[in-house]
Structure formats: C-alpha cells, structure tokens
Participant: 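Have a look at the structure that comes next, please.
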Number of protein chains: 2
Amino acid sequence: MFQLNLKGGGEIVMDLNERSRDILRAIIQSYISTAEPVGSRTVTKRYNLGISPATVRNIMSDLEELGFLVQPHTSAGRVPTDKAYRFYIDTMLEVKGLPRQQEEEILNYPLHRGDFHQLMQETTKLLSALSHYTGIIMAPKPAETVYRHMEFVRLTGGRVLAIFVSNAGIVHNRMINLDEDLTQKELEKISAFLNREMAGKTLREMRSRVLQLMEDDRNSYTRLMMKFMKVWQDASYEGEEGAEAELFVGGLSEMFNIPDFKDYDKMKELFIAFEEKHRLLKLLDLAMDAEGVQVYIGSENKYFEMQGISLVVASYRGEGNVIGTLGVIGPSRMPYNTVIPLVDCTARVLGRLISDR
Amino acid sequence: MFQLNLKGGGEIVMDLNERSRDILRAIIQSYISTAEPVGSRTVTKRYNLGISPATVRNIMSDLEELGFLVQPHTSAGRVPTDKAYRFYIDTMLEVKGLPRQQEEEILNYPLHRGDFHQLMQETTKLLSALSHYTGIIMAPKPAETVYRHMEFVRLTGGRVLAIFVSNAGIVHNRMINLDEDLTQKELEKISAFLNREMAGKTLREMRSRVLQLMEDDRNSYTRLMMKFMKVWQDASYEGEEGAEAELFVGGLSEMFNIPDFKDYDKMKELFIAFEEKHRLLKLLDLAMDAEGVQVYIGSENKYFEMQGISLVVASYRGEGNVIGTLGVIGPSRMPYNTVIPLVDCTARVLGRLISDR
DNA sequence: TCTTAGCACTCAATCCTATAGAGTGCTAAT
DNA sequence: ATTAGCACTCTATAGGATTGAGTGCTAAGA
C-alpha cells in the first residue's frame, strides 16, 4: 500500500500500560477533532473505557509528568505535547488506505494543463483542497536534474540564453552575457556537441566533464560552457545548500480556517516564516533521501520550528529518480490518518504525471 | 520625468472653494500619515489654516454631504472616502521625482540572478521592500509575446516538448502528446521551418499563418503546429481572457503591518482574494494599454474591489513593446506621492533589465 | 453674513466587578 | 486500586460605570 517511514520512530519505546495508552489515544483523538483542551469527564463520556473521571484524572496527571500533556491553565483540560503526537504517530496510528472517493478526486483533478510551473502550482492547490491545509512542493533542483536536451539561443546584444530540458520535460534556463559574439550557427554546433557528449548527465556531472575537456583545448565550446557554469553558480549561490530549489505554495488562506491560529500575531509570524522560503526548502530537502511519508512535528526540526505546526512530506519521482518533495503544512493536531495517505497518493500521482503526461 | 495618467481624471471637476480644498487636503494627509480618523481640532492644530475648529466642523459637514468624508461613528473624527482619494490624486497630488537614495536602492537591488521567473519574483520583493506594501507583477502573456526562437524536443513515450523563446529571453513551454512518433531529426526540421517562417510573430499571428499554410497541404509540419496550438489553447483557456498570464506576488506579510487591516476576518478576506489570481490579473491587464502610472482605488474597479485597498500600477516594456504590468497593493491611504514614482521607476528599471541583462 | 465660543449630547473604548462554568487535586470511603 | 464528594482555581462572559474624543447646535460677535 504505502510506507510510513518514521523519523526517529522506535527509538523512544515508552512503557505505558494499556490503559494509559488508551487514555492518551483518546485525548489526542479528541483534541484533533475538537481543538479544545480535553478534560477527564470528556474522556469518560466520549470514549467508553469503563473508568471514572477521578481515575482518568490520576492517569492524566501521570501523563503530564511524563511530558505527554500540558494544561493551558489550571482550570482547563489538557492538551497533547509534540512528544505525545510523536508517540501517537510512531506507535498508535493506524493509517488506512485512501478512501476510494478521495483517490478519485485526486485522479480527476485537472493537473495536466500548461507547463511544468503550472503543474507544480496546480498540485499545491490539489493538496490544499483535499487536506484543507496549505500545500507545498519543492521543484526539482537544476544541479541534480538529468538533462536530455540542451540548447543555446542567441539573443540581441551578445546575450545567449541557455535552455536545458530534462527527460521529464522540465525546462531550466539562464541568460549569459558573452564577451565574444558567436553566431547562431556556432551556437548550434555547440548545442549539438553538448547533446552528443552530455545528454543524460546532471549539471554537476557536466561540470567536471567540461573541466576535463578544457585540459585538452580551450575552444569556444568549453569557454561558453564554463561561462554558463559560472553564471549558473552565481545564480544559485545564496550561502545555503539547496537554495536554488524552487518552492511552490498553495492554499495559504486555509490557514485562516484553522482555529489553532485564530490570532493575529500568530498568523503574522506564520506568514513571515512562509516568506523565508529557504527554511522551508531546507526542511523539504530532508525528506528527499527518505523513503515513504515523513512527519515533522512542531519544533522537532530546526529549519521551520513553530509552536503547533506540523508538516507531512513525501518525495516524488520523475522518470524513476526522486526529483523533489511535496506535502502539507498544518496544525500539529491534524488528522494524520487521512492526511498521510493523501500526501502519499498525491506524490505518486504527480510522479506518474511527470513521467507520462 | 514621469507621467501620471489618471483613470477618469478631469471628468469630475469639483468646485470646492480654496479653503474647503485646503481642509480636505489636510484631512487626507493627516489620515494617510496616522490612520486615525481626523477631528476638527486636529486639523486646526496640525495645519495652520487660521480658522477655528467650529468653522472646520461646518466645512467638514459640507464635505461629508458631498461624499468626500464619512464618520465611522458619531463621536469619531472623519475619514476620507474613495471619492476623496480620487479627487486628491487627480487634482491635489504633487508627485515629485524619486529621492536619489531610493533610486540608488532600486538600481543596486540584486535583480539579475537566475531565469526570468526569478527575475519576476525578485522584482516583487523589491517593490515590497521599498514600499512596505505587497508587490505584484503580471508576466508577459504567451499569446502576445513575439518569439525569436522555437524548438520541439522529443521526450520519451511519444511526448514532445515545445519551447518558445522571446527576444527578451523569456521562455515558454508546453508538453504535447503526439499520436504519431516523430524522430528528433524530423522535429528539428520542423523547428528550423518554424524559425525561418515564424520568427518575429506572436502566437496569435502564428496561428493564422499556420491555418493559411494548411490550406495548401497537410504535412507533419502543420499537423504538429496545429496540435501545439490546440494544446496551448486548452492550457490557457479558463473561461477568462488574460487567464493565461502569470501573476507573481511578493511581500504578502507586509499586509500584517498595516494598521487598517488589523483584523482577523478582514485579513482572511484579503488573502482569499489574493488566491483568486485571475481577478488581480484582469485588473493588471487593464493597465497594459495605458501610458504611465495608474491608480485604482478601493471599489473603483470591479475585478478586485475591496474596501480600503488600492493599487498603484504601471506597465513595463521589453525590447520596445509593453509586455506586462507591475505595481503595489496597499491601503487606500497610502502615501501616493512616494509610491507612484517608486512604481514608475521600478517599471523602467525592469524594462531595461529585460532588454539587456 | 460669516465666524466662533460654549455647551449638551453621543458613542466607543476601557476598566472594574460579579457570575457562571469547566476542570482539577485532594481526601475519605468503598 | 478506585471513586464519590468537595473545595479551590482560573477563564470567559456580561453588565455597569467612567473617560474622552468629537460632533451639532445655538447664540453672540465681527
């Protein structure tokens, strides 16, 4: 079906007895569905555990001491901590497959239109529409994309546009300002040479090959390529690895429907964080290597740590290789049992669409 | 210096006497700088008009009757209406050139990196950073772009990627699923034919030329082109003219710093409106034809009408032609005298950058 | 006739207080 | 070990008083 690969899962094996686990589960589930602090009476009423509120109170007190619950204030019920969510996801969550209906909805969503950018944008909207949270996608990184076709096009004023096309139909381009004036004929020769020598390589790989070629002779071919490589590096460099990746965000306004964030300043903080795209990208990059769906809870990760916010992320493939990641960002109290398969399914569908749309 | 072309300007010539105009100006300026309703005493204290609060009150009452002012409630001062802003901009605004320092800042902003998408994105950030509002840009529309270079690239599984490059180095692309399997050699022939026959045409123009050619004979050339045209139309069509344009937004979080919108629900409404990009695009499209800077106040336009929000928009050029528009979106009480030249200057700089970066 | 001082009036914002209600922790009984 | 009972805590809400900004009107003055 699908695979949930748990970040740090299994490391912390808590020994809670059956009943404590039942109560913790009940509290988490209740809080996920209502967003209200959960009291002892609520637990006994809504979940038939055959014990009295007083007993529940004693156990809740223990759970608080263990760091699974906190009280917003003395006379309120209790709320799960990040630790509780982690424990819940690692040991208690039963993730079923996606309901037939939602799968249909994903498959029927009009994702095929337009170019690659539009596909990415539409996919964030799909993620958002089905999860009712905000959808995010990290697009394939130029440096690690395998290119099939390359082309240099001469523009006015000694400018040359380099266009690189991947197997999956992703197009990347950069403008190069040339000192010498090459004719379009010459550029075509260079393009032909590149396509012959370099097809199936990533930029990283091309770079070392070009350096190798340069040792033999320094002709227009290699000079243009080196210029291109330099332009590329200049454009990519922002002091951070992975900064050259592109981030797409969709359904931002869904954040306003989440009761957890019904606060102006919290919202402001959140939107400022969204504009620091490189932080989110760092986090999305983490999920590149991992198989299956990852969940990052609250302040578990240092790149986008934010009280009460979690991310559900999965990598997607194009022509066989993992080329990016996608996911959903929402409150830590999100219904993981439905969001996880949703993200998983969307990643698969996107992969299929990229490989043969 | 620069030209402010006023939407509907001059039509409504209000005959207010000198003093009424002075007071109206004082109220608007005061409100722009403080965001607080303006009372009669404030006017006499902050602007030395040599009249008493009582007199001001009488005139304010008249101005209210004329529709220039409203009171939020009985015991509050008065606030300018959209009509007042319009009048202010049309007849009282003195727009100076951009301060040397800000011009420097625009010229020094690192806008040259990366591809065209990144350039657009960075420019919205520039607009936002200098205005402290939200920056928006409508990218060139494929249908009206003059292309210099066209290329069909064969991918796996009978898919063909069409790549079109404009004089200004803008790259548009679309995926085409072909029934027949053309070799890359054949595609190159078609590309060469296209570049010979169609260079310097817009998509619109190409379309009619292809239809013309088809009457003579229906070979692979024209069939592929027609398929491409169809794919293009499918992707562009969303029931709305101008829907195929792309919108870039930067500095959304600035909205949270504007006291006018210090309200959760107002903010929610605003962000939902931002996600309906086609509405904003419609509005930005309006400014394509007009020369100079346009100002759209509050509910003056039907595409993005929103209480208390205005847009300052200018078109930008690439290789001589107007290819898109850009601007700033903020509260109606924004300091137009600085924002207008800022938008104007940014449009010029972007145009220059596109034509020779 | 225009201007202005004076005054009563209105209304939002703020603060204070009382009250209700949810939930806990502790104790004693089962 | 469990649970009923009860005192205690704290938030949220509503009502009421107070303050202050600002207006509109009136009558006197220029």
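Every chain is numbered from 1 and lettered A, B, ... according to where its sequence line falls, protein lines coming before strand lines. This one's a predicted model, so the numbers in the text were calculated from it and none came from an experiment.
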Participant: Take A:Ile28 and A:Val38 through the side-chain contact (heavy atoms from CB on, under 4.5 Å) test and state the conclusion after the steps.
Facilitator: CA-CA 9 Å; A:Ile28 293 174; A:Val38 186; over 6 Å; no
Participant: How many Å lie between NE2 on B:His73 and P on D:dG20, as a whole number?
Facilitator: 16 Å
Participant: Grab the CD1-P distance between B:Ile51 and C:dA5 for me, whole Å please.
Facilitator: 12 Å
Participant: With sequence neighbours excluded, tell me which residues meet side chain to side chain donor-acceptor pair (under 3.5 Å) with A:Glu275.
Facilitator: B:Ser253
Participant: Would you mind reading off the bend of the helix from C:dT1-D:dA30 to C:dT30-D:dA1 from its two end axes, five pairs each, to 10 degrees?
Facilitator: 20°
Participant: What does nucleotides 19-24 of chain C look like as a protein-contact string, B for base, S for sugar-phosphate only, - for none, at under 4.0 angstrom between heavy atoms?
Facilitator: ---BSB
Participant: Provide, to the nearest angstrom, the distance between the CZ atom belonging to A:Arg19 and the P atom belonging to D:dA1.
Facilitator: 10 Å
Participant: Figure out the CG/P separation between A:Leu49 and D:dT3, and round it to whole Å.
Facilitator: 11 Å
Participant: For B:Ser52 and B:Pro72, find the nucleotide of DNA chain C closest to each by heavy atoms; which residue's nucleotide sits nearer the 5' end?
Facilitator: B:Ser52
Participant: Take the protein atom CG of B:Asn17 and the nucleotide atom C1' of C:dT1, then report the distance between them rounded to whole Å.
Facilitator: 15 Å
Participant: Considering all heavy atoms of both residues, which atom of A:Ile297 and which atom of A:Arg86 are nearest to each other, and what is their separation?
Facilitator: CD1-N, 3.5 Å
Participant: Listed by chain and number, what are the side chain to side chain donor-acceptor pair (under 3.5 Å) partners of B:Glu276, not counting sequence neighbours?
Facilitator: B:Arg279
Participant: Does any pair with a residue in residues 303-312 of chain B pass side chain to side chain donor-acceptor pair (under 3.5 Å), and if so which ones, sequence neighbours excluded?
Facilitator: B:Ser310-B:Ser332, B:Ser310-B:Tyr336
Participant: Mind checking what makes side-chain contact (heavy atoms from CB on, under 4.5 Å) contact with B:Thr34, not counting sequence neighbours?
Facilitator: B:Ser30, B:Glu36, B:Arg46
Participant: Apply the ring-ring contact (aromatic ring centres under 6.0 Å, His included) test between A:Phe256 and each candidate in A:Tyr133, A:Phe261, A:Phe271; give the one that qualifies.
Facilitator: A:Phe271
Participant: Less than 3.5 Å apart, any donor N or O on the side chain of B:Ser20 or B:Asn17 sitting next to an acceptor on the other?
Facilitator: yes
Participant: Whole angstrom is fine here: how far is it from CG in B:Asn58 over to P in C:dT1?
Facilitator: 15 Å
Participant: If the cut-off is 4.0 Å, is B:Thr55 near the phosphate of C:dT4, judged by side-chain N/O to OP1 or OP2?
Facilitator: yes
Participant: For the side chain of B:Thr91 and the backbone of B:Tyr88, is there at least one donor-acceptor N/O pair under 3.5 Å apart?
Facilitator: no
